[in-house]
Amino acid sequence: MKANIKSGIEAWFDVDDITIHVWGSSWTGREVVTVYQGEDQRVVSSNRSWRFKTPHAFEHRGHHYLVALGIGFGGAGVELYRDGVLIDSDQVNTTGIRIDPATGKLDWKHALTNLALPIVVGLLVGIGFGYLAGLAIK
């Protein structure tokens with residue numbers, strides 16, 4: 001699964017003899033579920049949604065599939081159900097502190113990149129407020 005602000009959210013599931021591609025726009029609320037079988041592709045669900053979780057149901061070779069696309073603040077998740085049973089899911093968290101699973105150490109580059117802008121903005125607001133407060137008291 002991949003998610004970014006520019007291209008949206010994408011997830012792929014290989015199940016039975018098909019590949020299910022799920023795409024959701026970060027800007028328009030558009031969500032599209034496409035089924036690939038060999039060279040054939042078929043859009044099985046396409047709609048716009050502003051809800052935090054949207055179901056997309058379709059049928060393929062006698063099985064009922066449900067793709068639940070959930071988008072929230074700082075993360076997204078996709079769940080795949082076949083005949084009412086959860087068979088696969090994928091989630092991404094775009095906030096928080098990353099920890100390298102191999103070493104168990106904090107990813108300082110990611111943490112500093114995410115914290116740099118809020119710290120700089122906070123400092124500038126604090127300096128501006130202090131300057132204005134100094135002028136008012138003077």
Side-chain angles (χ1 to χ4, degrees):
M1 178 174 196
K2 66 180 188 176
N4 63 48
I5 199 76
K6 184 178 177 184
S7 63
I9 297 157
E10 284 188 280
W12 299 265
F13 297 103
D14 292 319
V15 60
D16 299 330
D17 60 341
I18 59 175
T19 298
I20 300 170
H21 176 247
V22 181
W23 174 78
S25 172
S26 300
W27 301 98
T28 65
R30 183 91 167 147
E31 298 173 354
V32 179
V33 178
T34 308
V35 172
Y36 293 89
Q37 186 174 17
E39 296 295 319
D40 297 332
Q41 71 179 29
R42 175 174 59 115
V43 174
V44 293
S45 180
S46 175
N47 62 23
R48 290 190 195 280
S49 174
W50 296 104
R51 296 184 288 173
F52 288 110
K53 193 163 190 177
T54 308
H56 298 271
F58 64 95
E59 188 174 323
H60 179 75
R61 290 196 176 181
H63 292 288
H64 298 282
Y65 293 92
L66 176 76
V67 175
L69 177 59
I71 300 172
F73 298 105
V78 181
E79 297 174 337
L80 176 63
Y81 296 87
R82 179 179 56 210
D83 297 326
V85 177
L86 178 67
I87 58 171
D88 203 351
S89 68
D90 208 352
Q91 294 185 1
V92 65
N93 183 359
T94 57
T95 62
I97 298 173
R98 291 185 188 170
I99 297 189
D100 184 7
T103 63
K105 293 185 179 179
L106 175 68
D107 183 358
W108 282 103
K109 181 181 176 186
H110 180 263
L112 292 175
T113 303
N114 282 346
L115 292 175
L117 182 62
I119 288 172
V120 169
V121 170
L123 285 172
L124 291 175
V125 169
I127 290 169
F129 180 73
Y131 177 75
L132 292 175
L135 285 177
I137 294 173
K138 187 177 178 182

A.B. asks: What pair of heavy atoms forms the shortest contact from V78 to A11, and how long is it?
C.D. replies: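 In this case the closest contact between V78 and A11 is CG2-CB, 4.1 Å.
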A.B. asks: Taking the side chain as every heavy atom from C-beta outward, state whether S46 and R30 have any atom pair closer than 4.5 Å.
C.D. replies: yes
A.B. asks: Report yes or no: do V32 and V92 belong to one cluster of Ile/Leu/Val/Met/Phe/Trp/Tyr joined by side chain heavy-atom distances under 4.5 Å?
C.D. replies: no
A.B. asks: Kindly indicate whether the side chain of V22, heavy atoms from C-beta on, has any atom under 4.5 Å from the side chain of I20.
C.D. replies: yes
A.B. asks: Would you say V43 and W23 are hydrophobically clustered, going by side-chain heavy atoms of ILVMFWY under 4.5 Å?
C.D. replies: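 Yes; W23 is reachable from V43 via cluster members.
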A.B. asks: Where is the tightest heavy-atom contact between E59 and R42, given as atom of each residue plus distance?
C.D. replies: O-NH2, 3.8 Å
A.B. asks: Are F58 and W12 connected, step by step, through hydrophobic side chains (Ile, Leu, Val, Met, Phe, Trp, Tyr) whose heavy atoms are closer than 4.5 Å?
C.D. replies: no
A.B. asks: With side chains defined as the heavy atoms from C-beta onward, is the minimum distance between Y65 and V33 less than 4.5 Å?
C.D. replies: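 A side-chain contact is absent here, since even the closest heavy-atom pair is not under 4.5 Å.
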A.B. asks: Check T54 against S49 and note the closest heavy-atom contact, atom names and distance.
C.D. replies: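 Shortest heavy-atom contact: OG1-OG, 2.8 Å.
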A.B. asks: State the NE2-CZ distance between H64 and R82, to the nearest 0.5 angstrom.
C.D. replies: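 That separation rounds to 13.0 Å.
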A.B. asks: Compare all side-chain heavy atoms of Q41 with those of H21 and state whether any distance is below 4.5 angstrom.
C.D. replies: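 A side-chain contact under 4.5 Å is absent here.
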A.B. asks: Look at the side-chain heavy atoms of Ile, Leu, Val, Met, Phe, Trp and Tyr, link any pair under 4.5 Å apart, and say whether V44 and Y36 land in one connected group.
C.D. replies: no
A.B. asks: Can you tell me how far OH of Y81 sits from OG of S89, rounded to the nearest 0.5 angstrom?
C.D. replies: 8.0 Å
A.B. asks: For the CG atom of D17 and the CZ atom of R61, what is their distance to the nearest 0.5 Å?
C.D. replies: 4.0 Å
A.B. asks: Starting at CD1 of I87, measure out to CG of L80 and round the result to the nearest 0.5 Å.
C.D. replies: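 Interatomic distance, I87 CD1 to L80 CG, rounded to 0.5 Å: 4.0 Å.
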A.B. asks: Is it the case that one hydrophobic cluster holds both V35 and L66, taking links as side-chain heavy atoms less than 4.5 Å apart, direct or via other members?
C.D. replies: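 Result: no, two separate clusters.
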